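Letters go in sequence order (proteins before strands), and every chain restarts at 1. What you see is a predicted model; the values in this text were computed from it and never measured.
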2 protein chains.
Amino acid sequence: MTQAAARKASRRTPADKHDERRRALAESALRTLGELGYARSSLREIANNSEFSHGVVHYYFHDKLELIVFCVRYYKETCVHRYDGVVAEATSPDDLAERFGDKLVETIVEEAPMHRLWYDLRSQSMFEESLREAVSQIDKSLDDMVDRIVSRYAELAGAEPALDSAVVYGMFDGIFQQGLLGHLNGREGALEDLRAQAVGMLPMLMAPKSV
Amino acid sequence: MTQAAARKASRRTPADKHDERRRALAESALRTLGELGYARSSLREIANNSEFSHGVVHYYFHDKLELIVFCVRYYKETCVHRYDGVVAEATSPDDLAERFGDKLVETIVEEAPMHRLWYDLRSQSMFEESLREAVSQIDKSLDDMVDRIVSRYAELAGAEPALDSAVVYGMFDGIFQQGLLGHLNGREGALEDLRAQAVGMLPMLMAPKSV
DNA sequence: GAGAAATCTTGACAGTCGTCAAGATCAGCG
DNA sequence: CGCTGATCTTGACGACTGTCAAGATTTCTC
């Protein structure tokens with residue numbers, strides 16, 4: 001009624017622009033955060049690696065924490081659907097496992113900074129109360145993501161997942177983290193190990209269909 | 001020849017005292033680090049929570065990083081033998097699994113600050129080259145620690161570990177981390193879940209004896 | 001194009017940080 | 001005792017931090 005309703009729908013409203021800027025700022029910030037980590041990313045450094053000046057952050061975000069939380073939520077939106085294609089296109093259990101393993105390796109190679117940032121923030125949330133809500137929401141959505149893969153695998157295999165999705169997520173997250181560490185350490189074969197481990201693990205998680 | 005050899009063996013040498021101070025400093029530092037995390041633990045804060053003044057740190061350590069690395073190595077020495085008693089005393093596979101699960105829960109409750117510090121430092125090592133060597137050494141010794149448990153379980157069950165120790169470590173570490181996060185988030189049942197998951201996982205890792 | 005509102009830049013503030021050095025305090029030994 | 005070297009305290013430094021506010025600039029509206 002005040003402004004948005006009266007605006008033409010084809011042109012963006014001020015509110016839209018505001019959100020656009022927040023997203024652009026978040027994208028810059030994520031680059032810096034992925035490079036330096038949470039602790040060493042200052043607002044000035046973040047702003048320097050963007051097209052904005054350092055004061056503008058406080059125009060769009062109340063404080064640093066709000067920026068970080070916004071970033072991490074923004075990042076989540078795009079990353080939890082990473083395996084949707086794999087789930088949708090796989091034609092057999094083995095095919096799914098294969099594509100899944102490939103995708104795991106691919107994302108470690110191409111998005112290592114984002115992954116280490118995630119583990120950094122999750123660790124920080126163990127110390128900073130104010131990060132916990134966002135982190136645990138994302139962790140839940142990653143759990144769901146893994147569950148979609150495992151459930152689809154079970155479906156294709158004519159079986160049922162044998163374990164609770166929380167355990168399965170924990171296990172995959174654990175070996176993924178080891179793969180990431182190995183990759184960043186330059187350990188030869190870290191990625192191939194991860195692929196083999198993931199592919200080999202899927203069938204272990206199945207139980208014969210009961211009902 | 002210069003000083004140590006001439007000293008009486010019953011009294012501590014200056015070099016001993018030096019090491020003693022380093023250890024005392026490390027113990028104080030670990031308390032602060034476990035409370036605040038790596039990023040927010042300043043040398044002044046560390047010194048305030050100890051019996052020393054902030055300048056003394058530079059007398060015993062070249063810089064902050066050397067202190068941190070010393071701390072993390074010192075911590076490792078005492079923690080990788082946490083399950084030695086369990087391994088030594090268990091009389092059957094089920095007994096071992098039971099004791100193992102109990103110990104997991106116990107250490108999360110009693111040593112949560114140390115565990116979150118470990119995950120914090122491991123995450124930092126993904127950004128800071130200079131932490132990687134110490135971290136990956138500790139990670140390896142944790143791998144060995146888990147391997148001792150699983151191997152003993154296999155022995156008691158008359159079976160053999162079905163998977164590489166690296167995978168097994170990754171899996172246990174993953175569910176342990178979830179348990180720690182759940183516990184710190186105050187999630188009801190997080191610890192009981194972890195215990196059940198760990199106990200239930202051990203038999204899954206076995207294969208019939210081959211040779 | 002004038003005026004108003006939104007947006008952005010710049011510079012400053014009060015803290016904190018790691019590091020260091022000068023001097024105080026202590027221990028051991030002649 | 002006095003001397004010497006180890007040990008520790010104190011205070012300072014330059015750099016960096018998050019935050020904010022005053023003013024410049026742009027964008028939009030009439």
- Might you point out which heavy atoms bring A:S141 and A:V80 nearest each other, and give the distance in Å? OG-CG1, 3.4 Å

- Task: Please determine, by modelled atom types, if A:T107 and A:R82 share a side-chain donor-acceptor pair under 3.5 angstrom.
- Result: yes

- Message: Under a 3.5 Å threshold, yes or no: a donor from one side chain and an acceptor from the other, between B:Q124 and A:D120?
- Response: yes

- Task: Pull out every residue in residues 24-49 of chain A that has a heavy atom closer than 4.0 Å to any atom of DNA chain C, ordered by number, or say none.
- Result: A:R44

- Query: Hey, can you pull the residues of residues 58-75 of chain B with a non-hydrogen atom under 4.0 angstrom from DNA chain C?
  - Reply: B:H58, B:D63, B:K64

Identify each donor-acceptor pair in which a side-chain atom of residues 22-29 of chain B lies under 3.5 Å from a protein atom, sequence neighbours left out, and give them as a table.
from	atom 1	to	atom 2	distance (Å)
B:R22	NH1	B:Y60	O	2.7
B:E27	OE2	B:Y74	OH	2.5
B:S28	OG	B:R31	NH2	3.3

- Please say whether the positively charged group of B:K64, taken as NZ for Lys or CZ for Arg, lies over the ring of B:Y38, i.e. under 6.0 angstrom from the six-membered ring centre and within 45 degrees of the axis. yes

In whole Å, what is the span from the [atom1] atom of [X] to the [atom2] atom of [N]?
| X | N | atom1 | atom2 | answer |
| --- | --- | --- | --- | --- |
| B:R21 | D:dT7 | CZ | C1' | 8 Å |
| A:H18 | C:dA5 | NE2 | P | 17 Å |
| B:R22 | D:dT7 | CZ | P | 12 Å |

- Message: Between the base of C:dG18 and the side chain of B:H54, is there a donor and acceptor pair under 3.5 angstrom?
- Response: no

- Item | Pairs involving residues 40-54 of chain A, ordered by first then second residue, that meet side chain to side chain donor-acceptor pair (under 3.5 Å) (sequence neighbours left out) | A:T32-A:N49

- Message: If you define the side chain from C-beta out and look only at heavy atoms, does anything of B:D95 sit under 4.5 Å from B:F100?
- Response: no

- Do B:Q178 and B:L194 touch side chain to side chain, with heavy atoms closer than 4.5 Å? no

- Is the closest basic N to carboxylate O distance between B:R116 and B:E35 below 4.0 Å? yes

- With sequence neighbours excluded, what pairs up with B:E133 under the salt bridge (charged side-chain N to carboxylate O under 4.0 Å, His left out) test? none

- Terminal axes of the helix from C:dG1-D:dC30 to C:dG30-D:dC1 (5 end pairs apiece), angle rounded to 10 degrees, sit apart by 0°

